[in-house]
*Asks:* 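Sharing a structure here in structure tokens format.
The chain is numbered in sequence order, starting from 1.
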Amino acid sequence: MTLASASVGPDFGALGGAGTLRSMVGALLTYGLLTSALMVIICAAAWAIASSSGSWQASAKAKTGLFVALGGAVLTGGALAWANWLLDLGASL
């Protein structure tokens, strides 16, 4: 065996649990996405009710809550895609 034909590298197969980690991350991000979607519905309803009753303070707070919930849903969805990409990248090294 010559030195040029020897391949030395880390053994990523020795560390198990990538599938478990993928399912745990997926479950946590699913809960986050469901919470964000529920908050979008609640804040949109609160915004509509506050606007129709003439309460501009409550309407402004509900609108802010809606935009924060939308941002949370976008970031949670992006985090799921990013985590899956990192897990696939780690498996291919």
*Asks:* Any side chain to side chain donor-acceptor pair (under 3.5 Å) pairs touching residues 24-40, not counting sequence neighbours?
*Replies:*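 Checked against side chain to side chain donor-acceptor pair (under 3.5 Å) - neighbours excluded - no pair reaches residues 24-40.
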
*Asks:* Test of understanding: with side-chain contact (heavy atoms from CB on, under 4.5 Å), list the residues that count as partners of W85, not counting sequence neighbours.
*Replies:*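 If we apply the side-chain contact (heavy atoms from CB on, under 4.5 Å) test to W85, skipping adjacent residues, the hits are W82, L89.
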
*Asks:* Which pairs would a plain distance check flag for residues 60-68, meaning a side-chain donor or acceptor within less than 3.5 Å of a matching protein atom at least two apart in sequence or in another chain?
*Replies:*
| from | atom 1 | to | atom 2 | distance (Å) |
| --- | --- | --- | --- | --- |
| T64 | OG1 | A60 | O | 2.9 |

*Asks:* Let me confirm one number: the CG-CG distance from L33 to L28, rounded to the nearest 0.5 Å.
*Replies:*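 Taking CG in L33 and CG in L28, the distance rounds to 12.5 Å.
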
*Asks:* List in chain and number order the residues that pass side-chain contact (heavy atoms from CB on, under 4.5 Å) with I49, two or more places apart in sequence or in another chain; answer none if no residue qualifies.
*Replies:*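 Residues passing side-chain contact (heavy atoms from CB on, under 4.5 Å) with I49: none at all.
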
*Asks:* Linking Ile, Leu, Val, Met, Phe, Trp and Tyr by side-chain heavy atoms under 4.5 Å, what else ends up with L38?
*Replies:*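 Besides L38, the cluster holds M39, I42.
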
*Asks:* If every non-hydrogen atom of T76 is compared with every non-hydrogen atom of L29, which pair is closest and at what distance?
*Replies:*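 Taking every non-hydrogen atom into account, CG2-O, 3.3 Å.
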
